[in-house]
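So the structure is just underneath, and the comments pick up after that.
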Amino acid sequence: MVLILLSRDLCFIRQYFKNVIFAGGKTEILMESVIKNCIKEAVKTLYNNDAEDELIQIQETRKDFRGDFTLVVFPILRFSKNTPEQTGKDIGAYLSEKLPAVTGFNVVKGFLNLEISDRWWMEYFRATAGEEDLFSVCRVDNPETILVEYSSPNTNKPLHLGHIRNNLLGYSLFRILSSCGHNVYKTNIVNDRGIHICKSMLAWQKYGNGETPESTGMKGDHFVGKYYVTFEREYKAQIEELVLQGTGEAEARNSAPLMQEAREMLVRWEAGEKEVVDLWRTMNSWVYEGFEETYRMLGVDFDKIYYESETYKTGKEIVLSALRDKILYSHNDNSIWADLTAEGLDHKVLQRSDGTAVYITQDLGTAVARHNDYRFEKTIYVVGNEQNYHFQVLRVLMKKLGYKWADGLIHFSYGMVELPDGKMKSREGTTVDADDLIREMKETARDVSMELGKLSGFSEEEKADIFRKIGLGALKYYILKVDPHKNMTFNPGESIDFNGNTGPFIQYTYARIGSVYRKAGEMGIEPDISQLMSARPGQKEIDLIKLLRRFPVTVREAAAAYSPAMIANYCYELSKEYNQFYHDFSILGEENKALRNFRLILSGLTSRVLSAGMWLLGIEMPERM
RNA sequence: GGUUCCGUAGCUCAGUUGGAUAGAGCAACAGCCUUCUAAGCUGUGGGUCGGGCGUUCGAGUCGCCCCGGAAUCACCA
């Protein structure tokens with residue numbers, strides 16, 4: 001072990017990467033393991049005792065103290081039967097003697113801070129810088145087949161900010177899990193049937209005068225959404241009139257002619273009546289065209305899209321079959337129910353008395369269809385926390401129906417996006433439209449860039465591409481940096497920032513490094529990894545190496561926690577650290593060639609890690625900005 | 001009322017399995033471009049981590065009880 005640490009054999013360093021150990025959710029990289037083992041040895045030698053792994057807590061030393069790794073001494077006191085200070089000193093002395101990489105130590109209160117040699121950090125850095133695949137360390141031993149369901153739009157209105165959060169989370173999750181070696185498939189369930197769809201169909205029939213997205217120049221989903229709004233407006237007017245005539249509010253809602261017609265239309269649709277089905281197909285196709293465009297702008301896509309209009313039938317079969325098997329029961333009115341009281345839940349209706357399916361019916365069918373298609377270990381449903389109960393029921397229900405794999409159905413529950421004055425409501429028109437927001441972000445990116453006087457000498461096409469990357473980078477980062485399961489507030493009045501903890505800040509750091517490399521090329525300077533070890537790093541550079549070392553660990557933790565936010569915050573931290581370095585030190589102007597080479601490679605790895613991290617978030621990096 | 005989630009600086013948010021003096025950004029103020037991109041860097045001010053009790057050598061983090069907010073408890077989706 002001691003010898004291994006001194007070894008400069010590249011094979012060892014390769015081995016280092018294979019030695020990222022994840023035990024019980026904990027992450028350890030070899031250096032920590034080496035120290036840990038040596039401390040066990042110390043406890044055995046000094047105190048004649050065996051220390052359990054959990055008692056030996058190694059962490060990175062906080063910046064305000066001298067050292068690289070820190071042992072929390074308190075848990076060891078039970079063996080040493082001595083003061084924290086003395087115990088720390090004893091173990092520190094033992095480690096310094098046994099581990100050449102440990103060049104010194106200090107004890108502050110109950111913390112033993114170990115100093116690691118620069119040489120060791122450089123060895124580590126050389127190996128990482130030479131590694132082509134930054135995710136190789138992240139790969140799990142047992143890859144799973146995982147489906148990520150996200151987006152799940154209704155086909156009666158365009159996407160809004162809430163959907164954006166959903167899409168970004170789902171897509172990022174896909175990339176994070178894939179990077180860890182899982183076989184991940186992106187799926188979508190489209191809510192393309194039901195009374196809400198009939199509403200916009202009916203309104204178009206009555207008030208549309210045959211206009212189309214083409215004839216009006218509108219995006220398809222907005223076009224259809226317009227008729228959904230029309231329906232709600234006219235319906236409301238009818239209700240008001242009925243109430244004026246003395247009808248009760250509830251009765252008015254129920255008996256308004258428009259609502260009755262919508263219901264009739266649903267029945268005709270379910271009966272497969274050609275005229276209705278054709279209209280449904282046409283209007284849905286308009287919506288899909290619109291969605292396609294929004295998805296394309298957001299940079300998300302799907303491996304397989306499921307449609308509720310198909311899976312609800314499978315769901316109904318499952319329900320009927322379970323009824324025959326007496327797993328379910330029916331009421332006198334022919335509605336079908338599940339009794340989940342034994343599981344701590346309630347009774348749940350699975351089919352209406354008129355024989356039509358409810359929301360959860362299609363989820364049963366969709367899950368089974370997906371399992372037939374993919375034999376997945378897990379399906380991760382990216383769905384808002386307002387549906388927590390629904391997914392609790394879904395899993396319990398599927399277990400009850402005998403699907404053992406239902407344990408793999410995971411609700412990735414994320415928080416709502418709220419406006420300063422509360423929740424977004426489609427019907428009240430208080431949503432932030434996805435297309436509008438994306439367009440505004442690109443415009444803001446243009447304004448900011450122009451004001452800063454950047455990008456002169458670029459073609460309009462190149463500029464548009466850069467503004468797109470920056471605008472979307474700002475938007476995506478703004479949303480993904482927040483812990484997914486928390487609600488977040490979006491203030492439309494204050495535009496999304498481009499300074500500080502933002503996407504553009506990280507993109508800017510990347511672009512700066514790109515600029516350094518271009519300059520290096522002009523100067524004829526080539527980075528040379530084989531010359532790395534002749535450089536003597538400073539403290540800031542070691543700090544950067546330490547931060548870079550945390551990247552694969554962060555990815556693994558983000559995968560385990562389903563949290564793109566952890567990646568986002570890591571990228572920010574790295575950018576901030578790098579910008580300090582960039583400000584304080586000259587790279588190409590450094591006269592010591594070994595140091596110049598080292599700084600260039602350090603910058604190169606930083607840009608690669610930033611780029612990889614942002615890629616996990618679905619954020620593109622501009623080469624210049 | 002039951003269940004679940006949230007509460008950290010004026011605002012928006014970080015804070016790894018409990019560890020040292022709770023951190024960023026925005027906003028405010030004061031500095032730094034003849035040198036690799038100033039979308040940057042440095043500094044100042046700003047906190048009863050909603051409140052209390054408990055567990056522990058140690059609690060923003062774990063447990064219990066309150067307070068405040070959100071969601072949900074439909075033959076809606």
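Residue numbering restarts at 1 for every chain, and letters A, B, ... go by the order of the sequence lines. The structure displayed is predicted, hence computed values, not measured ones.
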Distances under 3.5 Å between protein N/O atoms and the N/O atoms of nucleotides 34-37 of chain B, please, pair by pair.
residue	atom	partner	partner atom	Å
B:C36	O2	A:Leu588	N	3.0
B:C36	N3	A:Ile587	N	2.9
B:C36	N4	A:Tyr582	O	2.8
B:C36	N4	A:Phe585	O	2.2
B:U37	OP1	A:Ser515	OG	2.2
B:U37	OP2	A:Ser515	OG	2.9
B:U37	O2'	A:Tyr508	OH	2.3
B:U37	O2'	A:Arg512	NE	2.9
B:U37	O2	A:Lys454	NZ	2.6
B:U37	O2	A:Met625	O	3.4
B:U37	N3	A:Met625	O	2.7
B:U37	O4	A:Met625	N	3.0

Base-contact (B) and sugar-phosphate-only (S) positions in nucleotides 19-26 of chain B, heavy-atom cut-off under 4.0 Å, - elsewhere: BBS-SSSS
Want to settle it: does A:Arg550 or A:Pro504 sit nearer the 5' end of RNA chain B, counting the closest nucleotide to each?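 Looking at RNA chain B, the more 5' nearest nucleotide goes with A:Arg550.
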Atom pair distance, as rounded to whole Å: [atom1] in [X] and [atom2] in [N]:
X: A:Phe498; N: B:A38; atom1: CZ; atom2: P; answer: 19 Å
X: A:Leu350; N: B:A74; atom1: CG; atom2: P; answer: 14 Å
X: A:Arg395; N: B:U4; atom1: CZ; atom2: C1'; answer: 14 Å

Kindly compute the distance separating CD (A:Glu85) from CG (A:Leu112), expressed to the nearest 0.5 Å. 11.5 Å
Can you measure from CG (A:Leu159) to CG (A:Leu161) and round to the nearest 0.5 angstrom? 11.0 Å
So if I take residues 480-492 of chain A and measure heavy-atom distances to RNA chain B, which residues fall below 4.0 Å?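 Those residues whose heavy atoms fall under 4.0 Å from RNA chain B, taken from residues 480-492 of chain A in numerical order, are A:Val482, A:Asp483, A:His485, A:Lys486, A:Asn487, A:Met488, A:Thr489.
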Does A:Lys157 make a cation-pi contact with A:Tyr228, if we ask for NZ or CZ under 6.0 Å from the ring centre and within 45° of the axis?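 Cation-pi check for A:Lys157 and A:Tyr228: passes.
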Applying side chain to side chain donor-acceptor pair (under 3.5 Å), name anything that partners A:Arg518, two or more places apart in sequence or on another chain. none
Donor-acceptor pairs under 3.5 Å, side chain of residues 466-476 of chain A to any protein atom, not counting sequence neighbours: which ones?
residue	atom	partner	partner atom	Å
A:Arg468	NH1	A:Glu620	OE2	2.9
A:Arg468	NH2	A:Asp465	OD1	3.0
A:Arg468	NH2	A:Glu620	OE1	3.4
A:Lys469	NZ	A:Asp465	OD2	3.2
A:Lys476	NZ	A:Leu298	O	2.7
A:Lys476	NZ	A:Gly618	O	2.7

Should B:C64 be called syn or anti, with syn set as within 90° of 0?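 It is anti.
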So what does A:Glu494 touch, heavy atoms closer than 4.0 Å: a base, only the sugar-phosphate, or nothing? nothing
Should the heavy atoms of other residues, nucleotides or ligands under 6.0 Å from CD of A:Glu451 be counted, would the total exceed 12?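 No, CD of A:Glu451 has 12 or fewer neighbouring heavy atoms, counting only those of other groups under 6.0 Å.
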Rounded distance in Å between the C1' positions of B:C29 and B:G52: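 Rounded to whole Å, the distance is 39 Å.
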Taking atom C1' in both B:C62 and B:U56, compute the distance separating them and give it to the nearest angstrom.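 It comes out at 10 Å once rounded to the nearest Å.
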Taking pairs as Watson-Crick (N1-N3 plus N6-O4 or O6-N4) or G-U wobble (N1-O2 and O6-N3), each distance under 3.5 Å, the stems of three or more consecutive pairs with RNA chain B are B:1-7 with B:67-73, B:10-13 with B:23-26, B:28-32 with B:40-44, B:50-54 with B:62-66
Taking the inter-plane angle between the rings of A:Phe551 and A:Tyr570 on a 0 to 90° scale, is it parallel (under 30°), tilted (30 to 60°) or perpendicular (over 60°)? tilted
Assign the ring pair A:Phe505 / A:Tyr572 to parallel, tilted or perpendicular, where the plane angle (0 to 90°) is split at 30° and 60°.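 It falls in the tilted class, 30° to 60°.
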